[in-house]
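Data block below; observations after.
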Number of protein chains: 2
Amino acid sequence: MYDPTRLAALVAVAEAGSITRAASRLGYTAPALSQQLAKLEREAGAALLVRHHRGTRLTAAGELLAGRARRVLDEMDQARHELARLAGLSGGRLRVGTFVTAGIHLLPPVLTAFRRAHPDVELTVTDYEPPAGVTAVAAGDVDLALTHAYEPAAADPMPSGLFSETLLVEELVLVTALGQMLSEGSGPLPVAELAGRPLISSAPEHPPRRGVERALAEAGATPAVVCESPGYALVCALVSAGLGVAVVPEMVAEMSPAPLAVRRLEPAAFRRTISVVHRGDRNTAAATTLMALLRSGFGRASAA
Amino acid sequence: MYDPTRLAALVAVAEAGSITRAASRLGYTAPALSQQLAKLEREAGAALLVRHHRGTRLTAAGELLAGRARRVLDEMDQARHELARLAGLSGGRLRVGTFVTAGIHLLPPVLTAFRRAHPDVELTVTDYEPPAGVTAVAAGDVDLALTHAYEPAAADPMPSGLFSETLLVEELVLVTALGQMLSEGSGPLPVAELAGRPLISSAPEHPPRRGVERALAEAGATPAVVCESPGYALVCALVSAGLGVAVVPEMVAEMSPAPLAVRRLEPAAFRRTISVVHRGDRNTAAATTLMALLRSGFGRASAA
DNA sequence: GGTCTGCCAAAAGGAACACTTAATGTACGA
DNA sequence: TCGTACATTAAGTGTTCCTTTTGGCAGACC
């Protein structure tokens, strides 16, 4: 059972004439390819390459295996195309709406997987802050959209003909600058402890988070800075710089490029739900496929 | 690029009718196969399997991919056979002589690799304690033989028509029962410290180790038990039981099933060289191939 | 002759992957 | 209601693979 990646490496060397060139053409470093080819030679039980001082050629055995390799790679390519055609995806397009955070942290691996399986589907990603995503699906501007809803808050009803499926529920956690963690212990922090703390908040009248901001105000947190920017990049940067604390989704806290200290809150009253809005029976095949990937993809994300 | 192992799993499920049966037929557990198939489905971007309550069937997409998979696996099989034929190995045989320790610790992974590449070569492994291995190659009883030579000792000259290639040089180290390590420190132990220690030794007149035993006697070690058994399994067992200390090859000390404390000696005068004895130009193709595997295989063994 | 350049290989460290066992879920038949 | 058969989920462990760094080697060039 030869690893097709290694077979592709062999073919690439045959065509490029050197390991280094083949590696850069495939997007690897030269040592990586050298190791893989050495393993392939061991597995094949024969010398496949002749190392020249001006490149690398294939031996007779190498040419033979490269020939079979081309056929193997061809079969796999055909399989991919056939599967795409069977799924009715070939040549179609897929338009995804997403809010900023999901677009940064969640969507990329899923879209990568989709693209690998269906390279000829035209992909479009558009940024919509909720509830604009729902509107976009309703208007037919996108095939599906990722949205979020915060608790405590009232859930907006779905327009008729649209459906919402929950992908992930995550807690909101407290983030502070490193070394500024409030009080002792590592367990959940009572919300009351936020009283008097300078709070970096989203716009209080920003619909999705309205309930959260009000609850924080009731706990006695002191508004320090109000961020009007979509997403949490700015909030995290300000918190990391020591301007105050903030309550953000767990995923944001963990993936933040700025260093942050993270702490859960008690009681765990703050949550956000990430959902995908779609058209149900009227979904395109591409949309259905992406939704399947979203489901398993988010399963992995929550496990990590 | 579909992993051929996963493709084989899909074919196996198609033929077995259930994941559990396919798994046991392939030598895996059911969860392993289930996970691999789930990944294949994600990669393919389509549902391949229909989970019944009485087994698992393939969907149309699954059947399609399974068909391509059969062809891919076929190509790989053909490639293997062609490579074997090209190497002149098909239907041949390979007889290997080895001393006990190498047969236990070094040869198995190399033979496994050889067998995978050339399943139709008839393999024979025979146990020869040096210098009988050289004689066996000279007599044509085996195609090649692994032998060892200890230092200090005189190297026997090769009979004409035979050649010896060094594969590995390893130090001899001191082993004791756990908790009985002599003196302090973790650096190399001066040989003089062995004076008066009870020594588990190989037969003093056993040719390969004669020089080693004599040097240990000169250092003042007290013979406690003399082992006449080939290999070091018995020596290690006695040492581990606390009957005395011993000086054994590093590889033996590290791979011993009985728990042992290991310490290097100073000066590092004791070594053994593991070589392969062969016929040079008159080697069979199979022998040449195995020697290539031995070279890279021992490279890995020394790295581990 | 000495230096530079291009190419390949070895070593070490970190991230990802695949396997295992154990536990959970689900439909069917007695 | 229980027992069986099948599949999945979860958690832990070992291996694999890729990257960076380093070293060696042959020809080109000054």
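First the proteins, then the strands, lettered A, B, ... as listed; each starts at 1. What you see is a predicted model; the values in this text were computed from it and never measured.
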Review point. With the threshold set at 4.0 Å, does a side-chain nitrogen-carboxylate oxygen contact exist between A:Glu15 and A:Arg25?
Key: no
Do any N or O atoms of the protein come closer than 3.5 Å to N or O atoms of nucleotides 23-29 of chain D, and which pairs are they?
none

Review point. Which listed nucleotide (D:dC17, D:dT8, C:dA9) is nearest to the side chain of B:Arg51?
Key: D:dT8
Revision key, fill the gap. Hits for side-chain contact (heavy atoms from CB on, under 4.5 Å) against B:Arg71, two or more places apart or cross-chain, chain-then-number order -> A:Glu75, B:Arg68
Point to revise | Inter-residue atom distance A:Arg51.CZ - A:Ser34.OG, 0.5 Å rounding | key: 6.0 Å
Exercise for review: Send over the distance from A:Arg57 CZ to C:dC7 P, rounded to a whole Å.
Suggested key: 13 Å
Point to revise | Value rounded to 0.5 Å, distance of OG1 in B:Thr20 from OH in B:Tyr28 | key: 16.0 Å
Review point. D:dT19, D:dA7, C:dC7: which one has an atom nearest the side-chain heavy atoms of B:Ser18?
Key: D:dA7
Check your understanding: Taking 4.0 angstrom as the limit, do B:Glu170 and B:Arg271 come out as a salt bridge?
Key -> no
Point to revise | Salt bridge A:Glu171-A:Arg272, side-chain N to carboxylate O under 4.0 Å | key: no
**Study point:** Residue A:Ala32, side-chain atoms from C-beta onward, closest of D:dC18, C:dT20, C:dA9
**Key:** D:dC18
**Study point:** Distance below 4.0 Å between A:Thr56 side-chain N/O and C:dC8 OP1 or OP2
**Key:** yes
**Study point:** Rounded distance (Å) that lies between atom C1' of C:dA9 and atom CZ of B:Arg295
**Key:** 17 Å
Check your understanding: Given atom CZ of B:Arg6 and atom P of C:dC17, what is their separation to the nearest angstrom?
Key -> 9 Å
Study note, to complete from the structure: Rounded to whole Å, CD of A:Gln36 lies from P of C:dC8 at a distance of 16 Å
Point to revise | side-chain N/O B:Thr29 vs C:dT20 OP1/OP2, d < 4.0 Å | key: yes
**Study point:** Nearest to side-chain heavy atoms of A:Pro31, which nucleotide of C:dA9, D:dA11, D:dC17
**Key:** C:dA9
Exercise for review: State whether the side chain of B:Ser18 and the backbone N or O of B:Gly55 hold a donor-acceptor pair below 3.5 Å, judged by distance alone.
Suggested key: no
Exercise for review: Write down the distance between CG (A:Leu33) and P (D:dC17), rounded to a whole number of angstrom.
Suggested key: 13 Å
Exercise for review: Return the minimal non-hydrogen interatomic distance between B:Ala30 and B:Ile19, and the atom names on each side.
Suggested key: O-CG2, 4.1 Å
Review point. Between atom CG in B:Leu37 and atom C1' in D:dA7, what is the gap in whole Å?
Key: 11 Å
Point to revise | Terminal axes of the helix from C:dG1-D:dC30 to C:dA30-D:dT1 (five pairs each): angle between them, nearest 10 degrees | key: 10°
Check your understanding: Between B:Arg6 and B:Glu43, is there a salt bridge with N-O shorter than 4.0 Å?
Key -> yes
Check your understanding: What's the CZ-P distance between A:Arg21 and C:dC8, to the nearest Å?
Key -> 8 Å
Practice item. Side chain of A:Lys39 only, please: which of D:dT20, D:dC17, D:dA10 is the nearest? Key: D:dC17
Review point. Between D:dC17, C:dC8, C:dA9, which nucleotide has the shortest distance from any of its atoms to the side chain of A:Thr20?
Key: C:dC8
Check your understanding: Considering only C:dT20, D:dA7, C:dC7, which nucleotide approaches the side chain of B:Ile19 most closely?
Key -> D:dA7
Revision key, fill the gap. Taken to the nearest whole Å, CD/B:Gln35 to C1'/D:dA10 is 9 Å
Review point. Just how far is it from atom CG of A:Leu10 to atom CG of A:Asp3, taken to the nearest 0.5 Å?
Key: 12.0 Å
